[in-house]
There are 2 protein chains.
Amino acid sequence: MDHQRGFQQGEHQGECKAELALKVIQGRWSVLILRELVDGIQRFSDLQRALEGVSQKVLTAQLRDLEADGVVHRTIHPEVPPRVDYALTDLGIELLPVLDGLHAWGERQADFNAASR
Amino acid sequence: MDHQRGFQQGEHQGECKAELALKVIQGRWSVLILRELVDGIQRFSDLQRALEGVSQKVLTAQLRDLEADGVVHRTIHPEVPPRVDYALTDLGIELLPVLDGLHAWGERQADFNAASR
DNA sequence: CTGTATCCAACTGGATACTG
DNA sequence: CAGTATCCAGTTGGATACAG
């Protein structure tokens, strides 16, 4: 085995940056939001339409969390009616390959699930 | 932007394998358990000692989940007193690079957190 | 249009005690 | 040693109504 770097580092004292990353994308809609934003800037209402089933309160909360984590940028246009749009930050863009990795592994895991029936 | 493959695929209809992968490693202790198992087979009591703060009930539950997800293998030795040990499956080993990716991104995210104070 | 404010049900994890 | 069984508190997300 040669995975001697990365999340296994240190004395296994509980502190692990992989967990930090997980906290960021743990939300029920976080990954889905990020996926929508890959296509570019989206307005609040665009996201709400794309993410069928999300309520205003929850969508707002998840976007605020992602913003606080530096993954998403929020722009308020001072107009009437108000317009707000969301975009990935550089940090958010750097997250995309990681999500690709999760996705790829998820496909293999799905195969396992299918096989174990 | 050239991230046109992976978790962004499809018509964004909500079904996403990255979320499936996340479900597997979402547990409070899942990543920590996996990290312990990188070093090789571990007994239940080894894990409980390494993961300071986990209760028997919760550790059992998380291990059962990881086993059901095909990430961990459980071996019962029919002895008295009982001995049970846990190891990564092939699928579990394939998860390690993904966790490395999360870890690496987590470090950059930590930098952001540090900078935004 | 883009939120906030309440209330609430479900789920997760923790404390503790007991068992084969 | 390696669990199970209860009970319980905190958090998350959803339904709904209201507001700038």
Side-chain angles (χ1 to χ4, degrees), chain A residues 14-16 18-37 40-69 71-87, chain B residues 14-16 18-37 40-69 71-87:
Chain A
E15 199 265 303
C16 179
E19 298 194 281
L20 183 62
L22 278 175
K23 275 186 204 152
V24 175
I25 54 179
Q26 232 162 24
R28 168 74 179 80
W29 302 95
S30 304
V31 171
L32 269 8
I33 291 170
L34 265 14
R35 195 169 62 166
E36 291 304 320
L37 293 181
I41 294 171
Q42 303 286 331
R43 299 183 54 166
F44 184 87
S45 49
D46 293 331
L47 293 171
Q48 190 171 22
R49 204 170 315 110
L51 278 44
E52 210 170 346
V54 72
S55 69
Q56 286 178 328
K57 175 199 141 183
V58 172
L59 180 54
T60 301
Q62 308 250 322
L63 286 167
R64 289 292 193 288
D65 287 345
L66 292 172
E67 190 189 5
D69 291 328
V71 167
V72 153
H73 180 69
R74 176 166 169 252
T75 306
I76 306 170
H77 302 274
E79 311 170 353
V80 178
R83 180 162 61 97
V84 177
D85 47 40
Y86 295 88
Chain B
E15 199 266 302
C16 180
E19 298 195 279
L20 184 62
L22 278 175
K23 276 186 205 156
V24 175
I25 54 178
Q26 231 162 25
R28 168 73 180 79
W29 302 94
S30 304
V31 170
L32 268 8
I33 291 171
L34 265 14
R35 195 169 62 164
E36 292 303 320
L37 293 180
I41 294 171
Q42 303 286 332
R43 298 182 55 167
F44 184 86
S45 49
D46 293 331
L47 293 172
Q48 190 170 21
R49 205 170 314 110
L51 279 45
E52 210 169 345
V54 71
S55 70
Q56 286 179 326
K57 177 199 140 182
V58 172
L59 179 54
T60 302
Q62 307 249 324
L63 285 167
R64 288 292 194 288
D65 287 346
L66 291 172
E67 190 190 4
D69 291 329
V71 167
V72 153
H73 181 67
R74 177 167 170 250
T75 306
I76 307 170
H77 302 274
E79 309 168 356
V80 178
R83 180 160 62 96
V84 178
D85 48 41
Y86 295 88

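Sequence lines set the chain letters: A, B, ... in the order given, protein chains first and strands last, and positions in each chain run from 1.
With values rounded to the nearest 0.5 angstrom, Trp29(A) atom CH2 is found 8.5 Å from Glu19(B) atom CD. Interatomic distance, His73(B) NE2 to Leu66(B) CG, rounded to the nearest 0.5 Å: 14.0 Å. Expressed to the nearest 0.5 Å, how far CD of Glu67(A) lies from OH of Tyr86(A) amounts to 7.0 Å. For the atom pair Arg43(A) CZ and Arg83(A) CZ, the distance stands at 6.0 Å (nearest 0.5 Å).
When the P atom of dC18(C) is taken as reference, atom NZ of Lys57(B) falls 17 Å away, rounded to whole Å. The interatomic distance linking Leu63(A) (CG) with dC1(C) (P) rounds to 16 Å, in whole Å. Between the CG atom of Leu47(A) and the C1' atom of dG3(C) there is a distance of 14 Å, rounded to whole Å. Here the C1' atom of nucleotide dT12(C) and the NZ atom of Lys23(A) are 15 Å apart, to the nearest Å. One interatomic measurement links the two molecules: CZ of Arg64(B) to C1' of dT12(C), which rounds to 18 Å at whole-angstrom precision. Distance, Gln56(B) CD to dT16(C) C1': 11 Å, rounded to whole Å. For the pair Gln62(B) CD and dC11(C) P, the interatomic distance rounds to 16 Å; values are reported in whole Å. The separation between Ile76(A) atom CD1 and dC1(C) atom C1' is 13 Å, rounded to whole Å.
Here Gln48(A) does not reach the OP1 or OP2 of dT2(C): none of its side-chain N or O atoms lies under 4.0 Å away. Listed pair Arg28(B) / dT12(C) fails the phosphate criterion, with no side-chain N or O lying under 4.0 Å from OP1 or OP2. Checking the phosphate oxygens (OP1, OP2) of dC1(C), no side-chain nitrogen or oxygen of Arg49(A) falls inside 4.0 Å.
The closest side-chain heavy-atom distance from Phe44(A) to Leu63(A) is below 4.5 Å. Side-chain contact between Leu32(B) and Leu47(B) is absent, with no heavy atoms from C-beta onward closer than 4.5 Å. Between Leu22(A) and Leu22(B), some side-chain heavy-atom pair lies under the 4.5 Å cut-off. Using a 4.5 Å cut-off on side-chain heavy atoms (C-beta onward), Val58(A) and Arg28(A) make no contact.
Of all the residues in residues 78-85 of chain B, Pro82(B) reach under 4.0 Å from DNA chain C with at least one non-hydrogen atom.
Using modelled atom types, no side-chain atom of Ser30(A) and backbone atom of Gln26(A) make a donor-acceptor pair closer than 3.5 Å.
First and last contacting nucleotides of DNA chain D toward chain A (any atom under 4.0 angstrom from a heavy atom, 5' to 3' order): dG13(D) to dG20(D).
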